[in-house]
Number of protein chains: 2
Amino acid sequence: MTKKVTIGKKILSANEQYAQRNRQLLEKLGISCLNFISSPGSGKTTLLARTITDLKGKIAFGVIEGDIETDIDAQKIRATSAPVIQINTEGACHLAASQIARGLNELPVDKLDLICIENVGNLVCPSAFELGETGKIALLSVAEGDDKPAKYPALFARAKAVLITKADFMQLEHIQFDIQRVISDIRRVNKDAPIFEVSSVTGQGMSVWYDWLIEFAKRGI
Amino acid sequence: MTKKVTIGKKILSANEQYAQRNRQLLEKLGISCLNFISSPGSGKTTLLARTITDLKGKIAFGVIEGDIETDIDAQKIRATSAPVIQINTEGACHLAASQIARGLNELPVDKLDLICIENVGNLVCPSAFELGETGKIALLSVAEGDDKPAKYPALFARAKAVLITKADFMQLEHIQFDIQRVISDIRRVNKDAPIFEVSSVTGQGMSVWYDWLIEFAKRGI
């Protein structure tokens, strides 16, 4: 048992070392970096693609796409003409800081204002692994249900901002989504993070998110 | 590196030992057991609650609910009056076979035909941990998008059946969900599993799923 704990600590510390190096590199370059985390299918890629397109000329984005397999997401981001690096974790349930180090090495960092990391679709594991990012962005789609911040609090506790995506679904007859419950469950673990209700399809709420993002990118690390 | 691999094997084998014991117990009792796995919010609890209610008198269900925190899901199942055991993993991203052993010990197994395990909402990790179940059921909601079987193939490869949930969302204007793409990506990794399109809200497709489930419960292990 003691042995197991020791090894565990060593692995975590190796990731922490890479995360620390990534953080130092980003500080040196003066670039902010956001780590987007959510369940599969909550709309990370669609949100990123629309955000990059709508903020063209205001923020120079670079993207690191993390997926277990395929480069489907990188292709969607590439269509915006932002530079993108695809990382395949080959079975692993989260991105590791060493993979981000590789991504930072391959991106044209001297031309960028903000790096967005799209983590593997998983509401649980990715929030436990620091990548050296400036902050984590948590996404929760209305289709997933209003009980998720209560059931999966760890990510929401660590988020710098929370995006309630597919907000247009709140209008649908079948959907029962109590936004007040969501906000109150998030506030139980996170007093400060702004909570944005957005739809990347209809555009609802996106301008408030953009204002926050522009401010965040300006402030730097 | 060698050291890490050795420890990894030991942990897996402890889980495998519990899984083996669970399997032997279920065989002795003549009860089948299904392990429901999906992303958070794809509708596992709603599907189970409706299935249990609609099949009252035909299948005697017992349920083991796995969640990181809260007993929200167990409460929903309890409303159907089926016996249910809530297990909180306290941070862990999947159920372990030792937790199922405890659940089997607490359920009134001599009165049951079929035990349904609802795993932690996570499309990645739970499929790698055997619990001693007879089979895995994979759920994918239409709201998650049609690229998920390609991006997260492991669960779909191991599934005994696949449920495409929230099938009523396919009618929505905003939703682009290519069911043929989903089926063909599942078939690439799994030749045999039946694929059911269902909606636990409208009832669409549920009777075909029920027929399969009744047959499965009858066949035993």
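This is a predicted model, so every value here is computed, not measured. We name chains A, B, ... by the order of the sequence lines, and we start the count at 1 in each one.
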Handout entry: For B:Thr202, side-chain contact (heavy atoms from CB on, under 4.5 Å) partners two or more places apart
Key =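 In terms of side-chain contact (heavy atoms from CB on, under 4.5 Å), with neighbours along the sequence ignored, B:Thr202 is linked to A:His174, B:Asp168, B:Ser199, B:Gln204.
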
Take atom [atom1] of [X] as the centre, draw a 6.0 Å sphere, and report whether it contains more than 12 heavy atoms from other residues, nucleotides or ligands.
X	atom1	answer
A:Lys58	NZ	no
B:Phe169	CZ	yes
B:Tyr18	OH	no

Practice task
Among the options A:Ala92, A:Gly121, A:Ser42, A:Cys125, pick out the one with the most heavy-atom pairs lying under 4.5 Å from chain B.
Solution key: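 It is A:Gly121.
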
Problem - For chain B, the option from A:Ala143, A:Pro40, A:Gly41 that forms the most heavy-atom pairs under 4.5 Å - result: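 Ranked by contacts with chain B, first place is A:Pro40.
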
Handout entry: Portion of B:Asn88 that has a non-hydrogen atom of chain A nearer than 4.5 angstrom
Key =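 Neither; nothing under 4.5 Å.
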
Practice task
Below 4.5 Å from any heavy atom of chain A, which atoms of B:Val142 appear? Answer side chain, backbone, both or neither.
Solution key: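 For B:Val142, neither part sits under 4.5 Å from chain A.
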
Practice task
Below 4.5 Å from any heavy atom of chain B, which atoms of A:Leu140 appear? Answer side chain, backbone, both or neither.
Solution key: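 Neither part.
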
Handout entry: Derivation of the side-chain contact (heavy atoms from CB on, under 4.5 Å) call for B:Cys93 and A:Cys93
Key = CA-CA 10 Å; B:Cys93 56; A:Cys93 56; 5.6 Å; no

Exercise for the section: Spell out the residues in residues 179-189 of chain A that have some non-hydrogen atom less than 4.5 Å away from a non-hydrogen atom of chain B, in order of number; otherwise answer 'none'. Expected result: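 Listed by number, the contacting residues are A:Arg181.
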
Exercise for the section: Can you check whether anything in residues 145-166 of chain A gets within less than 4.5 Å of chain B, heavy-atom wise, and list it by number? Expected result: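 Residues in range: A:Asp147, A:Lys148, A:Ala150, A:Lys151, A:Tyr152, A:Pro153, A:Lys166.
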
Exercise for the section: Tell me, out of B:Val124, B:Leu172, B:Val120, who's got the most heavy-atom pairs with chain A below 4.5 Å. Expected result: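 The option with the most such pairs is B:Val124.
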
Practice task
Tell me, with the steps shown, if B:Asn122 and A:Leu123 meet side-chain contact (heavy atoms from CB on, under 4.5 Å).
Solution key: CA-CA 7 Å; B:Asn122 185 327; A:Leu123 198 51; over 6 Å; no

Problem - Pairs meeting criterion salt bridge (charged side-chain N to carboxylate O under 4.0 Å, His left out) with involvement of residues 38-52 of chain A, two or more places apart - result: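 Checked against salt bridge (charged side-chain N to carboxylate O under 4.0 Å, His left out) - neighbours excluded - the pairs reaching residues 38-52 of chain A are A:Arg50-A:Asp54.
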
Problem - Atom pair CD/OG of B:Glu144 and A:Ser141 - distance to nearest 0.5 Å - result: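 Nearest 0.5 Å value for the CD-OG distance: 8.0 Å.
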
